[in-house]
2 protein chains.
Amino acid sequence: MATQQDTSTERRQAILAATLTAVAERGLHKTTISEIQRRSAASVGSIYHHFGDREGVLYALYIDIFTDCFAQLRASLQQATTARDGIRGLVCTYLTWVEAHPEQASFIYEASQGDLLRSYRDAILQFKGAFYQEVMAWMRPYLQTGELIILPPWAYDAILLGPAHEFARRWLGGLQELTMAEAQIIIADAVWRAIQPG
Amino acid sequence: MATQQDTSTERRQAILAATLTAVAERGLHKTTISEIQRRSAASVGSIYHHFGDREGVLYALYIDIFTDCFAQLRASLQQATTARDGIRGLVCTYLTWVEAHPEQASFIYEASQGDLLRSYRDAILQFKGAFYQEVMAWMRPYLQTGELIILPPWAYDAILLGPAHEFARRWLGGLQELTMAEAQIIIADAVWRAIQPG
DNA sequence: GTATTTCTAGAACGATATTCTAGAATAGTT
DNA sequence: AACTATTCTAGAATATCGTTCTAGAAATAC
């Protein structure tokens, strides 16, 4: 027997799933409340009850997706036993995730830019910051041994994942000049060169 | 005496300037036609006459800004006499431009993502592609001498400017942990390591 | 001097995000 | 079991948005 809680979370998930496919098919700014309503069979009131407003729907989906992505990256880091495996694994795992979840990745890039989630800015920064702390913690031993170059914390974000993000945006935009598998190697190699002491 | 052409281009520029400041202050998706109208003192009809639709206004501004940015990068490349100076100059010049034009840079990042300029997608790709061809032409001699690593063309975009873009987004978002001058050195060094043959 | 093009103006229209009121279904309490 | 409170859904109503449309003014071309 379905409790109210069950049907409620089902509806919640249906709204988020409808939003993701709507964004994938028609783009973010054409994903209207009534479009979500049509695809999820939820009423306007139901959507606003669960998420507050349109931005709230996007934010909830945003966090859901990042939670999954970060879990993959975390697992990759944890099973790495050398600095090289860890750094290259981070890049490759991220790009593998993008290839496996193109709709989710596109959504992330569409939503993270701009002012769409401006009112959730602090919450998102905190959420991402917590994960970057984990990455920093993993790197610390290798920083001490001199295997990885010591930089201000903010710089690792740009140097480690900047190239992968730039490529992913391009790949998701339809410019798939090379398979993701080949791109992974090229980008991972470049990042590995960049992160070692000169 | 002001001709019709003069007042027309003045109005055009006023609309674009109003759009830029509106986006800087309130964000892209809150920059409405009536907001632009209010700041530029242009009528609805005038805006639509000059730019077709809201997307057209954004596209015109987008191209204007990139034209300026590319001009800086082109000048930087042309006066470089070594591979190292050229590559590092590209990164530093770009970040200098971002620091000098934060409103323009923010606009670029807000507008290039998502489906906002979807109907101008091909024109934008062609515009950017032409500049990347120039960069490739500059690199060619150094690729032949082995000073720069040989990669598929698409990879240079990700590896050369990916870190700078990632940092710029963060810096523009208000997380200015370090001065741009210091960031330039760190990122330029990293990119220079990444782009050399291993 | 007339015709044509360019440009501006603003009312009108359909669609949008959001709010609001009302009620149904479930959970909690005694 | 009965009553209350809470959660959830429903959909009409509202204000605002992007866009279209018609009309006319101003400059230019012939």
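Lettering follows sequence order; numbering is per chain, from 1. All values derive from a computational prediction rather than experimental measurement.
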**Student:** Do NZ/NE/NH1/NH2 and the carboxylate oxygens of Glu35(A) and Arg39(A) come within less than 4.0 Å?
**Tutor:** yes

**Student:** Are more than 12 heavy atoms from other residues, nucleotides or ligands located less than 6.0 Å from atom NZ of Lys128(B)?
**Tutor:** yes

**Student:** Using whole Å, report how far CZ of Arg38(B) lies from C1' of dA9(C).
**Tutor:** 19 Å

**Student:** Looking at residues at least two apart in the chain, or sitting in another chain, which of them share a side-chain contact (heavy atoms from CB on, under 4.5 Å) with His101(A)?
**Tutor:** Asp68(A), Trp97(A), Gln104(A)

**Student:** Given atom OH of Tyr48(A) and atom C1' of dA13(D), what is their separation to the nearest angstrom?
**Tutor:** 14 Å

**Student:** Can you tell me how far P of dT20(D) sits from CZ of Phe51(B), to the nearest Å?
**Tutor:** 16 Å

**Student:** Select one nucleotide: of dT7(D), dT18(C), dT6(C), the one nearest the side-chain heavy atoms of His49(A).
**Tutor:** dT7(D)

**Student:** Assign a letter to each nucleotide of nucleotides 10-16 of chain C from its 5' end: B, base within under 4.0 Å of a protein heavy atom; S, sugar-phosphate only; -, no contact.
**Tutor:** B-----S

**Student:** Mind running a 4.0 Å heavy-atom check of residues 13-21 of chain B against DNA chain D and sending the residues that fall below it, in number order?
**Tutor:** none

**Student:** Using atom CD of Glu55(B) as one end and atom P of dC17(D) as the other, report the distance to the nearest whole Å.
**Tutor:** 19 Å

**Student:** Between atom CG in Leu58(A) and atom P in dA17(C), what is the gap in whole Å?
**Tutor:** 10 Å

**Student:** Would you say a side-chain N or O of Arg11(A) is under 4.0 Å from OP1 or OP2 of dA10(D)?
**Tutor:** yes

**Student:** Should Ile185(B) and Leu95(B) be regarded as members of a common hydrophobic cluster, given that ILVMFWY residues are connected when their side-chain heavy atoms come within less than 4.5 Å of each other, either directly or indirectly?
**Tutor:** no

**Student:** Mind checking what makes side-chain contact (heavy atoms from CB on, under 4.5 Å) contact with Ser76(A), not counting sequence neighbours?
**Tutor:** Thr93(A)

**Student:** Does a donor on one side chain and an acceptor on the other come within less than 3.5 Å for Ser119(A) and Glu55(A)?
**Tutor:** yes

**Student:** Leu28(B) CG to dC17(D) P: how many Å, rounded?
**Tutor:** 15 Å

**Student:** Report the residues that fulfil side-chain contact (heavy atoms from CB on, under 4.5 Å) with Ala42(A), sequence neighbours left out, ordered by chain and then residue number.
**Tutor:** Arg11(A), Ile15(A), Ser40(A), Ser46(A), Ile47(A)

**Student:** Quick test of your reading: applying side chain to side chain donor-acceptor pair (under 3.5 Å), list the pairs with at least one residue in residues 180-198 of chain A, sequence neighbours left out, ordered by first then second residue.
**Tutor:** Arg88(A)-Asp189(A), Thr96(A)-Gln184(A), Thr179(A)-Glu182(A), Trp192(A)-Gln196(A)

**Student:** Quiz question: by atom type and distance under 3.5 Å, do the side chains of Ser43(A) and Gln37(A) form a donor-acceptor pair?
**Tutor:** no

**Student:** Could you check how far CD of Glu35(B) sits from C1' of dT16(D), rounded to whole Å?
**Tutor:** 13 Å

**Student:** Report yes if at least one side-chain N or O of His50(A) is closer than 4.0 Å to OP1 or OP2 of dT7(D); otherwise report no.
**Tutor:** no

**Student:** In whole angstroms, how far is the P atom of dT8(C) from the CD1 atom of Ile47(B)?
**Tutor:** 10 Å

